[in-house]
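The next block holds one structure in the form of C-alpha cells; read it before the comments.
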Amino acid sequence: MKQIVVIGGGATGVEAAVAAAQGNTKVTLVSEGPIGGRTGWDSLLPSKVWLHAAEVAGIATAAAGEGVAVNGVQVDPAAVLQRIKRVATRWSDHEQRRLQAAGVTVIQGVAAFSSPRELTIQTQAGQQTITADAIIIATGSVPRFPPTMKPDGQRIIAPHFASHLHALPNDIIVIGGGPTGSEFASLFSRLGVKVTWLVGSPGVLPMFATNARSTLAAAMQARGVEIHQVDVERAERTEEGVSVLAADGTTYTAAMAFLAIGRTPDLSRINLSAAGLTVEANGQLTVDNYGRTPVSHIFAVGDAAGGPMLANRALAQAWIAGRTAADLPAPGYCPHTIVHAVYTVPEVAQVGLVMDTELSRIRAEYGSSLKSYLGAETSGWIELTFDPITRQVRGGVAVGDHAADLLAPVALAIQTGATLADLAVVFAAYPTLSETVFAAARAAG
C-alpha cells in the first residue's frame, strides 16, 4: 500500500488528501492548526462573510423600496464577527468529516523534511518521523509586506484582520488594485466608509480584460470611491489615524489603511533543502501540470506552487496531484478552465483567453433575460471570445450579479472544445441569468 503524506490542513490539503485516499493508499494529513487553514479561519472565509453580510443588507434595503442609502448599507460588525466564527467552525467540521470518511489520518503538528522521503513532525506530544512514498505540499501562502508597510492590527490592517474588525472607520485607504484590494474597497464603500483606493501603476485588476476593469472602476467611482493610480512607498500610523506616502510625493490620510499588496508561498519552514528542492528567485517551486516538482515523488499545489493564487485553481491542482500521487488517472492541469472571480459590486469574472486580439467576440446584456428584470440586475453583461475560423469557445468575461456563476458553462465549453453552435442549442431554465450565456452564442449567428 502506497504511503502518502499531505502537508497543510487548508481546503487545498483536504482536497489533495481525499483525492489520494481513493487509491490503494494510506494517507496522512499534517495540519499545523485546525482543519480549514488560513482560508477557513483567517482570510478567504472571513472576507466572504463580510461580503455576504453587505449583500444581504443591500437586498433587504432594496426590497423595502428604499434603494441603497448614500451612507451605505447597515451591518452590525459584532454580528458579522460572530457569524464568521460559526461558519468557520461548521466548515472545519465539514472538512474533518470528509477526511474521516475517506480514511485519512490527521496529525496536528508542524512538518519539515529531514530527507526526500522523510518528514519530521513536531507535535504537542513531541517529535515523530514519517516515511512516505509521495508527499504533497499544500502549505498555502502568507501576506507580503515591505518594511515600510506593515499592519499593526489597529489602524493599519490586512485581510487576516477581517475576523477582528469590531468597528468601521469613517474613512479608509485601501492599498492594492488586485482582487483582494478590489473586494475590500467595494465592501467598505458599500458599508458607508469613505474609500480612497490606491491601485498602483498597473491600475485596477491589471490581469483582467480592459472592459471589465473599466466597468468596475466606473461603478466604484459612481459610489464615491476615489481611485488613484499611484505606487505607494510608505504607510505609517499617526496620532489622528494613518498617513500614506505615494511615489509621486502625494500624501493621503485617513482613519485607517487596508493593505492588500500580495502574498508569497509559505515554504520557509519545511526545510526544502533536505528534500533536494530549491525555491526559485520568484519565491516559487517549479511544478509540472500534475503538480510534480523536480523531485518526482514530491508535489506542490495551490498557493504553495505560486500564482495566480485562486482557491478554485488550488483545488483543481490538489485533486490532480492527489490522484497522480495515488497512481490514479488524472488530466493535466488546464489554466484556461479556471474562472477568475472578484466579488465586488458589480461582480467581475473571466475564464480562458479573453485578451487575444486574434479572437472574435460576441456580447449579450443581462437585459436579454427576464430574470434580470425580476431582480433589477439589468446592468450586467457577458462576452464570449471564440476562434473566428473554428468557432470554438476560447473564453468569457462577465460583469454583474452572479458573474462568476455564469462562466461555469463557458469553462466547460473550453474544456470540451465546444463551439458557439454547441452552446446556441442549449436553452437554460427560464427565467435565469444563465440564459445570457447561450443568448450570446445565438447572437453570433
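We number each residue from 1, following the sequence as shown.
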### Message
With heavy-atom distances below 4.5 Å as the criterion, would you say the side chains of His164 and Leu81 are in contact?
### Response
no
### Task
Evaluate salt bridge (Lys or Arg N to Asp or Glu O under 4.0 Å) for Arg38 paired with Asp266, printing each intermediate quantity in order.
CA-CA 11 Å; Arg38 297 185 190 94; Asp266 186 10; 2.4 Å; yes
#### Entry: CE/Met355: more than 12 non-hydrogen atoms of other groups inside 6.0 Å
yes
### Message
Looking at every non-hydrogen atom in both residues, tell me the closest pair between Ala212 and Val348 and how far apart they are.
### Response
CB-CG1, 3.8 Å
### Query
Can you tell if the side chain of Val351 reaches within under 4.5 Å of the side chain of Ile414, non-hydrogen atoms only?
yes
### Message
How long is the straight-line distance from OG1 of Thr123 back to CD1 of Ile107, given to the nearest 0.5 Å?
### Response
8.0 Å
### Task
Give the C-alpha distance, both sets of side-chain angles, the deciding distance and a yes or no for side-chain contact (heavy atoms from CB on, under 4.5 Å) between Asp288 and Tyr333.
CA-CA 9 Å; Asp288 66 11; Tyr333 168 69; over 6 Å; no
### Query
Should Glu226 and Lys194 count as an ion pair when the cut-off is N to O under 4.0 Å?
yes
### Task
Without swapping roles, check the side chain of Arg190 against the backbone of Thr344 for a donor-acceptor pair under 3.5 Å.
no
### Step-by-step side-chain contact (heavy atoms from CB on, under 4.5 Å) determination, Leu353 to His336
CA-CA 7 Å; Leu353 301 175; His336 297 317; 3.5 Å; yes
### Query
Taking all non-hydrogen atoms of both residues, which atom of Gly367 and which atom of Ser372 are closest, and how far apart?
CA-OG, 3.6 Å
#### Entry: Side-chain donor/acceptor of Arg263 to backbone N/O of Ser141, under 3.5 Å
yes
### Rounded distance [0.5 Å steps], CG in Leu406 versus CG in Asp401
9.5 Å
### Message
Are there over 12 heavy-atom neighbours, none belonging to Glu358, within less than 6.0 Å of that residue's CD?
### Response
no
### Task
Please examine the side chains of Leu29 and Ile35, heavy atoms only from C-beta on, and report whether any two atoms are closer than 4.5 Å.
yes
### Message
Using side-chain contact (heavy atoms from CB on, under 4.5 Å), reason through Arg213 and Val199 one step at a time and then give a plain yes or no.
### Response
CA-CA 12 Å; Arg213 300 171 59 191; Val199 298; over 6 Å; no
### Query
Would you say the side chain of Leu285 lies within less than 4.5 Å of the side chain of Leu272, judging by non-hydrogen atoms?
yes
## Note on the structure
Taking every heavy atom of Asn211 against every heavy atom of Arg363, the minimum-distance pair comes out as ND2-NH1, 4.3 Å
### Query
How are the rings of Phe145 and His160 set relative to one another: parallel (under 30°), tilted (30 to 60°) or perpendicular (over 60°)?
tilted
### Query
Just wondering, are more than 12 heavy atoms of other shown residues or ligands nearer than 6.0 Å to NZ in Lys85?
no
### Task
Report yes or no: does Arg223 contribute a side-chain atom to a donor-acceptor pair with the main-chain N or O of Val345 at less than 3.5 Å?
yes
### Task
May I ask you to decide if Ala162's main-chain N or O and Trp50's side chain share a donor-acceptor pair within less than 3.5 Å?
yes
### Message
Strictly distance-based, threshold 3.5 Å: is any side-chain N or O of Gln350 a donor or acceptor partner for the main-chain N or O of Met207?
### Response
yes
### Message
Pair Asp356, Arg394 - check salt bridge (Lys or Arg N to Asp or Glu O under 4.0 Å), show working.
### Response
CA-CA 10 Å; Asp356 190 326; Arg394 298 299 191 199; over 6 Å; no
### Task
Kindly say whether Ile261 contributes a backbone atom to a donor-acceptor pair with the side chain of Arg144 at under 3.5 angstrom?
yes
#### Entry: Worked check of side-chain contact (heavy atoms from CB on, under 4.5 Å) between Val342 and Glu183
CA-CA 7 Å; Val342 185; Glu183 289 182 355; 3.8 Å; yes
### Query
So how far is it from Ser368 OG to Tyr373 OH, rounded to the nearest 0.5 Å?
8.0 Å
### Task
Please work out which of the three classes, parallel, tilted or perpendicular, describes the rings of His340 and Phe208, given edges at 30° and 60°.
perpendicular
### Message
If you count heavy atoms of other groups shown closer than 6.0 angstrom to CG of Asn170, is the number above 12?
### Response
no
### Query
Which atoms form the tightest heavy-atom contact between Tyr343 and Ala404, and what is the distance?
OH-CB, 4.2 Å
### Query
Any side-chain heavy atom of Ser114 within less than 4.5 Å of one from Asn271?
no
### Message
Nearest 0.5 Å, please: how far is CE in Met220 from OG in Ser186?
### Response
5.0 Å
### Query
Can you find a heavy atom in the side chain of Ser182 that is under 4.5 Å from one in the side chain of Trp197?
yes
### Message
Tell me whether the rings of Phe188 and Phe184 are parallel (<30°), tilted (30 to 60°) or perpendicular (>60°).
### Response
tilted
### Pro151 side chain near Phe258 side chain, heavy-atom distance below 4.5 Å
no
### Summary
Residues passing the salt bridge (Lys or Arg N to Asp or Glu O under 4.0 Å) test with Arg98, sequence neighbours excluded, are Glu15, Glu95
### From CD1 (Ile136) to OG1 (Thr12), nearest 0.5 Å
11.0 Å
### Task
Look up atom CD1 in Ile84 and atom CH2 in Trp41, then write down how far apart they are to the nearest 0.5 Å.
11.5 Å
### Query
Is there a side-chain contact between Val230 and Thr250, using heavy atoms and a 4.5 Å cut-off?
no
### Message
Looking at every non-hydrogen atom in both residues, tell me the closest pair between Gly276 and Val295 and how far apart they are.
### Response
O-CG2, 3.9 Å
#### Entry: Side chain Glu233, main chain Leu245, donor-acceptor under 3.5 Å
no
### Qualifying residue for side chain to side chain contact (heavy atoms under 4.5 Å, CB included) with His402, from Leu407, Thr432, Leu433
Leu433
### Message
Please give me the minimum heavy-atom distance between Leu267 and Ile270, naming the atom from each residue.
### Response
O-CG1, 3.4 Å
